[in-house]
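Reading through the structure tokens given below for one structure.
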Amino acid sequence: MEEKKAAGGKNLKQDTLLAKETKKLKEALEVKYPNLWDKIDEEDKKAAYSFAESYKDFLSRAKTERVFVNVSVETLESLGYVPLSEKKTLKAGDKVYESVHGKALIAALIGSRPLKEGCNLVGAHVDAPRLDLKPHPIYEDSDLVLMKTHYYGGIKKYQWTAIPLAMHGIIYRKDGTPQTISIGESDDDPVLTITDLLPHLGKDQMSRKAPDLIKGEELNVLIGGLPYPDPDTSGRFKLGILQLLHERYGITEQDWVTAEVELVPAGPARDVGLDRSYIGAYAQDDRVCSYTALAALTSLETVEKTAIAMLFDKEEIGSDGNTGAQSRAYENFLYTILAKSQKQTDRLDFQQMVDNSNMLSADVTNGFDPTFPTVSDSRNNSYLGRGISLVKYVGSRGKSGTSDANVEFLSKVIRLFNEKEIPWQTGEMGKVDEGGGGTIAKFLAHLGMEVLDCGVPVLSMHSPFEVTSKIDVYMTFQAYRAFMDGMD
Ligand code: MN
Ligand code: MN
């Protein structure tokens, strides 16, 4: 008995020692991306929840790219930022911004080091999938007044029916005066909606393939039903709405030709989950990165390298146009701040500045969704709750269309984050050959700067109600701040 016990004790001691060794070895050799709620203290949790309140408030107010820019400009000006055009020269500590046709925005905090030594940029996009209106949108059919739409960006069209929609945008009257429209956000506003077929009569519809479950030409928005009170005239229902629009906004049917009006999901951003750990809202792709980038920039007062937030338009449809990332407008901004910060500038100075610049292409990525596990490689996907995801490459089918960050740069970013104790994870967007995505990264990389994709993992991306984790949003803000402040 005695002996056995002693032997048992000895084994136990050996086992504990071995277990300790194994644990040490595992910690030294294996990579782990812990859930951040386990890692943070109560103070960080409070900070994350409080940051989410400001973020939700911003999202609820900024339902389109134009409004996002307007609200951001207000914020920037309240913090001492001035339009770049108002500054003849620039020096360290100056805060400037430029609105790109009211749909995109660039803001910079000038650093103490010469601009030739490069900038630290965080670039995100403020446009989001939505429904735009056709030039002749309004028509009447069967006593209903409806509007024809053309969807913008990659959507599952069926997700946009039978939900409350709001309408935001700008209309230019014949005389060139603008009229803004914003309907459907406050509690006593009416909303608009796209009708869907009842299941009782949906036999044929339900046998369509999902992309055609609702077709593009079936995304018709119900906007009215009161007839103009003259029984002898044709088109009375449409005339009733035209009259209402004229009385309320002074617009005629032709003015819709010169309109940029968007249909978006109505209502504010919400907490999701019984524990309120998630945020649910329309257009978190990519306003979550736009908001955190701007919050990071405006939290800084002095930097060594000039810090810049670039918030692009048109990412969802290929970054084209003069507000998209392919526009020279962004390059021009960089050239202008260089020219205004030194006596003489030539092309070589500019190229040096760009070559010495670092950029985070800040865009959301897909969070692993256990309901749809087969589309992802679970060992190489981002997870909600594990922080900002650093994505070396995006693209699809053999990395097509990605800038594929240089490991020298990726390693530098990771060392900075580790040093500043910014948690991060990594992943790629779905399985090889499953699909993929594009970002603005490659367009800025074409200029010559180092660019890395990174951002917040999202569930239900491109749907009317996208989901993020509060801790990821908060830590992404911290990551962008550390990058703008401390990247060499
Ligand atoms: Mn995006
Ligand atoms: Mn997107």
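All residue numbers refer to positions in the sequence shown, counting from 1. Ligands are counted one by one from 1 in listed order, and the atoms in each one are counted from 1 as well.
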*Taking the inter-plane angle between the rings of F483 and F409 on a 0 to 90° scale, is it parallel (under 30°), tilted (30 to 60°) or perpendicular (over 60°)?*
perpendicular
*Does OH in Y151 sit with more than 12 non-hydrogen atoms of other residues, nucleotides or ligands closer than 6.0 Å?*
no
*How wide is the angle at the Mn ion (ligand 2) between NE2 in H462 and OE1 in E316, to the nearest 10°?*
80°
*Would you kindly check if the NZ (Lys) or CZ (Arg) of K470 is within the cone defined by 45 degrees around the ring axis of Y49 and under 6.0 Å from the six-membered ring centre?*
yes
*the Mn ion (ligand 2) reached by H125 (N, O or S, under 2.8 Å)*: no
_If the threshold is 4.0 Å, N to carboxylate O, is there a salt bridge linking K392 and D453?_
no
*asked:* Distance check below 2.8 Å: does E315 bring an N, O or S atom to the Mn ion (ligand 1)?
replied: no
*Considering just N/O/S atoms, say which atom of D285 is closest to the Mn ion (ligand 1).*
OD1
